[in-house]
Amino acid sequence: MEQHKLGSTGPSVSALGLGCMAMSDAYGPADRGESIATVHAALDAGITLIDTGDFYAMGHNEMLIRDALKEVARDRVQISVKFGALRGPAGEFTGMDCRPAATRNFLAYSLQRLGTDYIDIYRPARLDPNVPIEETIGGLADLVKAGYIRHIGLSEVGSDTIRRAHAVHPIADLQIEYSLIERGIERDILKTCRELGIGITAYGVLARGLISGHWSKDSGRAGKDYRLMTPRFQGANLDANLALVESLRAIAGEIGATPAQVAIAWVAAQGQERGQEIVPLVGAKTRTRLIEALGATRVTLTPAHLAALAKAFPPDVASGTRYTAEQMAHLDSEKPAAA
């Protein structure tokens, strides 16, 4: 698999990354053995970037990754970890804490759960409104100097915050949602990252499975699935969004690929179009879905294909917001850049 350097200061990683959140019950039940087998299959296929968060099932995901990687040479993978999200005993999210003292505490637990002595890319999951980003990044810079983390990343923050953070310490990459139906970063964030030499790792490239070609109105009902609580998966919004998938299915049929493969390839192509590599994170929790996603690396989208996709998926085409209103209000990435 091709390798791409994350920005001007980040590591070289595989052209696709593996997002592991779904392996810890966020998207309904997951099978532990199959999850570990999927990580192994990803590594065998050349994927080196493994993404997690310390709050994914309250540490379960990190321990799963530790077990999956226990026989794997540490320098064969890059582990990316999000931190700072606070959760209560019932699993509810209660805020963010990105104070340097809290960050050191979160990191210590992650190192233990992952069974490693360093993390390749460490990033606050969201902006902490109570802590200046300069203070958070300064604390992370100290951890880089101490050798506990190799690179600093960001997640779901806007251009102004990106610039302030990058002025304190080089930022390797921004992790942010990007897909055919979620193109908010095209307003200014992509330009800012390119200007500063910051890489992009894109999550939600299949809109959490919504545009994968596998989702239906009955999907997710068998078990607790976080997606069913989000606007795009509800009521008339879901009907409208699934209708969009039929357009994608038709285009994919002409290309000779699946809807998921075309959607992933489209995200990767946006980086090539803008002179900045974008690494899609695929959230496969089974080998079947992983194998399909890997096929995206063999999809070549011609100018005609890209034009057809642009016509079928103009900006803001999705029905409903990507998170609930409360969550959207706290997303720094949704705030317009200062004039």
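Along the sequence shown, residues carry numbers from 1.
- No donor-acceptor distance shorter than 3.5 angstrom exists from the side chain of Ser14 to the backbone of Gly17, with no hydrogens or angles considered.
- Ion pairing between a basic and an acidic side chain is recognised when a charged N comes within 4.0 Å of a carboxylate O; Arg287 and Glu34 show such pairing.
- Rounded to the nearest 0.5 angstrom, Lys311 NZ and Ile251 CD1 are separated by 10.0 Å.
- Within 6.0 Å of the CG atom in Asp316, the count of heavy atoms belonging to other residues, nucleotides or ligands does not exceed 12.
- Judged by a 6.0 Å distance limit and a 45° cone about the ring axis, Arg208 is positioned over the six-membered ring of Tyr323.
- Here Ile181 contributes atom CD1 and Arg232 contributes atom CZ; the two are 5.0 Å apart, rounded to the nearest 0.5 Å.
- Between the side chain of Ser110 and the backbone N or O of Leu107 there is no donor-acceptor pair closer than 3.5 Å.
- Although no hydrogens or angles enter the test, the distance criterion places no donor-acceptor pair under 3.5 Å between the side chain of Lys285 and the main chain of Asp31.
- At a threshold of 4.0 Å, the pair Glu156-Arg322 counts as salt-bridged, since one of the basic side-chain nitrogens sits closer than that to a carboxylate oxygen.
- Residues Tyr118 and Val72 do not share a hydrophobic cluster, defined by chaining ILVMFWY side chains whose heavy atoms lie under 4.5 Å apart.
- Residues Lys5 and Glu277 are not paired through a salt bridge, judged by the lack of any N-O separation under 4.0 Å between the basic side chain and the carboxylate.
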| field | Thr324 and Gln327: CA distance, side-chain angles, deciding distance, side chain to side chain donor-acceptor pair (under 3.5 Å) verdict | value | CA-CA 5 Å; Thr324 63; Gln327 291 173 304; 3.1 Å; yes
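- No donor-acceptor pair closer than 3.5 Å links the side chain of Gln112 to the backbone N or O of Ala108.
- Looking only at distances, no side-chain donor or acceptor of His40 sits under 3.5 Å from a matching main-chain atom of Ala37.
- The existence of a salt bridge linking Asp128 and Arg99 is excluded, since no basic side-chain nitrogen approaches an acidic carboxylate oxygen closer than 4.0 Å.
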| request: Would you please test Phe233 and Trp215 for ring-ring contact (aromatic ring centres under 6.0 Å, His included) and show each step? | output: CA-CA 10 Å; Phe233 285 81; Trp215 193 268; 5.0 Å; yes
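- Shown here is Arg104, whose CZ atom has no more than 12 heavy atoms of other residues, nucleotides or ligands within 6.0 Å.
- Contact detail for Ile162 and Leu196: the closest heavy-atom pair is CG2-CD1, 3.9 Å.
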I'd like a table of donor-acceptor pairs (distance under 3.5 Å, sequence neighbours excluded) in which one partner is a side-chain atom from residues 291-299, with atom names and distances.
| unit_1 | atom_1 | unit_2 | atom_2 | d |
| --- | --- | --- | --- | --- |
| Glu292 | OE1 | His214 | NE2 | 2.8 |
| Glu292 | OE2 | His214 | NE2 | 3.4 |
| Glu292 | OE2 | Thr258 | OG1 | 2.8 |
| Thr297 | OG1 | Leu294 | O | 2.7 |

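- The nearest pair of heavy atoms linking Val279 to Ala15 is CG1-O, 3.7 Å.
- Of all non-hydrogen atoms in Leu301 and Ala265, the two that sit nearest each other are CD1-C, 3.8 Å.
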| message | Walk me through whether Met1 and Leu16 qualify under side chain to side chain contact (heavy atoms under 4.5 Å, CB included). | response | CA-CA 8 Å; Met1 184 177 293; Leu16 291 181; 4.3 Å; yes
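- The CG atom of Leu43 sits 11.0 Å away from the OG1 atom of Thr38 when rounded to the nearest 0.5 Å.
- When the side-chain contact (heavy atoms from CB on, under 4.5 Å) test is applied to Pro170, the partners found at least two apart in sequence or on another chain are Thr9, His166.
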Could you pull out every donor-acceptor pair under 3.5 Å between side chains of residues 77-92 and any protein atom, sequence neighbours left out?
| unit_1 | atom_1 | unit_2 | atom_2 | d |
| --- | --- | --- | --- | --- |
| Gln78 | OE1 | Thr48 | OG1 | 2.7 |
| Gln78 | NE2 | Ser12 | O | 3.2 |
| Ser80 | OG | Asp51 | OD1 | 2.9 |
| Ser80 | OG | Arg123 | NE | 3.4 |
| Ser80 | OG | Arg123 | NH2 | 3.1 |
| Lys82 | NZ | Asp51 | OD2 | 2.7 |
| Lys82 | NZ | Thr52 | O | 3.4 |
| Lys82 | NZ | Tyr56 | OH | 3.0 |
| Lys82 | NZ | Gln175 | OE1 | 2.9 |
| Arg87 | NE | Gly91 | O | 3.0 |
| Arg87 | NH1 | Phe55 | O | 2.7 |
| Arg87 | NH2 | Gly91 | O | 2.7 |
| Glu92 | OE1 | Ala90 | N | 3.2 |

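- Under a 4.0 Å N-O distance rule, the pair Glu177/Arg183 does not qualify as a salt bridge.
- The side chain to side chain contact (heavy atoms under 4.5 Å, CB included) with Val168 is formed by just one residue from the set Ile133, Ile137, Thr136; it is Ile137.
- Tyr178 approaches Ala202 most closely through the heavy-atom pair CB-CB, 3.9 Å.
- With hydrogens and angles disregarded, a donor-acceptor distance shorter than 3.5 Å links the side chain of Ser155 to the backbone of Ala125.
- Formation of a donor-acceptor pair under 3.5 Å by the Ser24 side chain with backbone atoms of Met21 is not found in this model.
- Here CG of Leu64 is found 10.5 Å from CG of Leu114. Values are rounded to the nearest 0.5 Å.
- Contact annotation: the side chain of Ile189 approaches that of Leu174 to within less than 4.5 Å [non-hydrogen atoms, C-beta and beyond].
- Nearest approach of Asn61 to Cys20, heavy atoms of both residues: ND2-O, 2.7 Å.
- Thr161 places no side-chain N or O within 3.5 Å of a backbone atom of Val157 that could act as its donor or acceptor partner.
- Rounded to the nearest 0.5 Å, atoms CD1 (Ile264) and OG (Ser179) are 11.5 Å apart.
- Judged by distance alone, the side chain of Asn241 and the main-chain N or O of Ala318 form no donor-acceptor pair under 3.5 Å.
- Between Ala30 and Met23, the shortest heavy-atom contact is CB-O, 3.5 Å.
- Annotation: the span from Asp97 atom CG to Thr94 atom OG1 amounts to 9.5 Å, rounded to 0.5 Å.
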